[in-house]
Amino acid sequence: MDKEKEENLEEISSMGNGAAEGSMAKPGKRNQKSPTIFREEDEEEVDEQKDFIEEMILREIIYEALKKRHQKQVKIAKQLKVESKTNEDQLRQVIRTLIQEAKKDVEETPHSSTAINLLEDLLKQILPNLETEFKTLTTAKEQRDSFRAHVVNAVSTLLETENINKQGGAAGEEEKLISLDEESADIEEEVDIKVSDVGASAEDKFIDIDAEPVPEVEEDTFGLEGQDETGRALAQDAFNNIEKNIAETYAILHDDEDEKLFEDYLVTNLKLYFDKWETELGAVTEPTTDEYEAEKDQGEAGAEAGAEFDAELGGELGGEIPTAPPGGEELV
């Protein structure tokens with residue numbers, strides 16, 4: 001209770017007590033302390049005032065008690081709300097930590113196949129470069145299809161070549177023997193030519209030093225027939241950047257099952273990621289400017305107005321407006 005209210009209540013209470021003391025005197029007699037003579041009506045009035053004052057004091061006490069109780073409840077509610085919010089945040093943090101730890105455990109758990117573990121590391125190295133190059137081709141979908149086809153075909157060919165190189169053994173020795181036989185045949189042929197040249201005519205012995213050498217044409221083993229050339233060129237650059245990573249990773253594997261898994265999973269993942277990037281790319285929006293859009297809207301509005309005018313004029317003349325014949329001048 002406020003200090004001011006307490007003072008007012010004390011003052012009212014003291015006034016009531018004074019009136020009550022005055023009512024102790026007998027009716028019709030003068031009080032020794034006061035010259036006022038009290039009647040029975042005055043005593044009843046004093047009692048009513050006393051009761052009223054006591055009621056007011058009681059009301060004030062009850063009001064203050066209820067006020068304090070309400071303030072206490074509000075304080076408790078706020079405290080509970082804060083504690084609830086704090087507990088909720090703490091719970092969220094705990095759950096988030098558990099999820100992160102579980103995810104980390106899953107990521108750190110190696111696969112049962114060595115080939116898949118190595119392939120996972122390889123994809124982390126080569127996919128960012130392929131994605132960047134692939135999403136650069138936005139003029140037409142044919143460019144991206146060409147890029148995809150060339151990359152997948154080049155990777156498959158590379159793995160086949162590496163697999164052949166890894167076979168070695170008897171096959172390699174046999175290739176060496178065949179190579180030596182071919183070299184011997186070439187040497188014998190060269191010796192025969194040199195011996196036969198001794199008895200050649202002067203005309204046959206002439207050596208033309210002004211003749212231009214015929215340039216050797218390198219065979220294109222990368223390009224695919226019927227595919228977009230822009231996609232092919234970008235695919236060539238992209239493959240050159242990842243070829244070494246693929247070859248070195250595949251060279252680590254010497255188990256037949258690992259080699260097969262590596263090849264199958266690599267090609268499959270490349271196709272799946274190309275599908276994913278194509279979906280993410282979506283429809284390519286052509287860049288524009290505010291000035292272009294304003295001119296475009298103005299031109300479309302003028303064309304529509306002109307068409308309406310021609311239609312109205314044709315209706316008034318009883319027919320359509322004559323147009324210029326093909327390749328001729330407009331009729332007047």
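Residue indices begin at 1 and follow the sequence shown. Just the heavy atoms: all of them, side chains too, but no hydrogens, waters or symmetry mates, feed the values below.
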side-chain contact (heavy atoms from CB on, under 4.5 Å) between E280 and K135: does it pass, once the steps are laid out? CA-CA 9 Å; E280 293 175 351; K135 291 184 176 180; 2.9 Å; yes
- Query: Going through the distances and angles, do E60 and M56 end up as a side-chain contact (heavy atoms from CB on, under 4.5 Å)?
  - Reply: CA-CA 6 Å; E60 188 69 21; M56 292 295 295; over 6 Å; no
What verdict does the side-chain contact (heavy atoms from CB on, under 4.5 Å) test give for K75 and K78, after you've listed the backbone C-alpha separation in whole Å, the side-chain angles of each residue and the deciding distance to 0.1 Å? CA-CA 5 Å; K75 184 178 180 181; K78 289 182 178 180; 5.9 Å; no
Q. Which is it for Y273 and L130 under the side-chain contact (heavy atoms from CB on, under 4.5 Å) test, yes or no, and what are the steps along the way?
A. CA-CA 10 Å; Y273 272 100; L130 290 177; over 6 Å; no
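Between I242 atom CD1 and E133 atom CD the span is 10.0 Å, to the nearest 0.5 Å. L137 CG to D145 CG: the interatomic distance, rounded to the nearest 0.5 Å, is 10.0 Å. Between K81 atom NZ and I76 atom CD1 the span is 16.0 Å, to the nearest 0.5 Å. Atom CD1 of I61 is separated from atom OH of Y63 by 14.5 Å, given to the nearest 0.5 angstrom. Here the CG-CD1 distance, from L122 to I116, works out to 11.5 Å after rounding to the nearest 0.5 Å.
By the 4.0 Å N-to-carboxylate-O rule, R148 lies too far from E278 to be salt-bridged with it. No salt bridge links K68 with E64; every basic N to acidic carboxylate O contact stays at or beyond 4.0 Å. Looking at K260 and D255, no side-chain N of the basic residue comes within less than 4.0 Å of a carboxylate O on the acidic one, giving no salt bridge.
At a threshold of 4.5 Å between non-hydrogen side-chain atoms, the residues L261 and L253 do not count as touching. Between E243 and L158 the shortest side-chain heavy-atom distance falls below 4.5 Å. Between V74 and Q71 the shortest side-chain heavy-atom distance does not fall below 4.5 Å.
Using a distance-only test at 3.5 Å, with no hydrogens or angles considered, a donor-acceptor pair links the side chain of N241 to the main chain of D237. Counting only distance, with no hydrogens or angles, the side chain of N163 and the backbone of L159 share no donor-acceptor pair below 3.5 Å. H150 contributes no side-chain N or O that, together with a main-chain N or O of Q236, makes up a donor-acceptor pair within less than 3.5 Å.
Closest approach of L119 to Y265, counting heavy atoms only: CD2-CB, 3.2 Å. Scanning all heavy atoms of the two residues, the minimum distance from D258 to S113 falls at OD1-OG, 3.4 Å. Between G231 and S146, the closest heavy-atom pair is C-OG, 3.7 Å. Nearest heavy atoms, D228 versus Q143: OD2-CG, 3.3 Å.
Taking the salt bridge (Lys or Arg N to Asp or Glu O under 4.0 Å) definition, one finds that R69 meets it with nothing, sequence neighbours left out. Under the salt bridge (Lys or Arg N to Asp or Glu O under 4.0 Å) criterion, K271 pairs with no residue, sequence neighbours left out. Not a single salt bridge (Lys or Arg N to Asp or Glu O under 4.0 Å) links E263 to another residue, sequence neighbours left out.
Residue L58 shares its hydrophobic cluster (ILVMFWY side chains chained together at separations under 4.5 Å) with I62, L66.
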For a quick test of your reading: what N or O donor-acceptor pairs under 3.5 Å do the side chains of residues 244-252 make, sequence neighbours left out?
{"unit_1": "N245", "atom_1": "ND2", "unit_2": "Q125", "atom_2": "OE1", "d": "2.9"}
{"unit_1": "T249", "atom_1": "OG1", "unit_2": "N245", "atom_2": "O", "d": "2.8"}

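A side-chain hydrogen bond (donor to acceptor under 3.5 Å, both in side chains) check over residues 152-162, counting only residues at least two apart or in different chains, returns nothing.
Under the 30°/60° scheme for interplanar angles, the aromatic rings of F274 and F147 are found to stand perpendicular.
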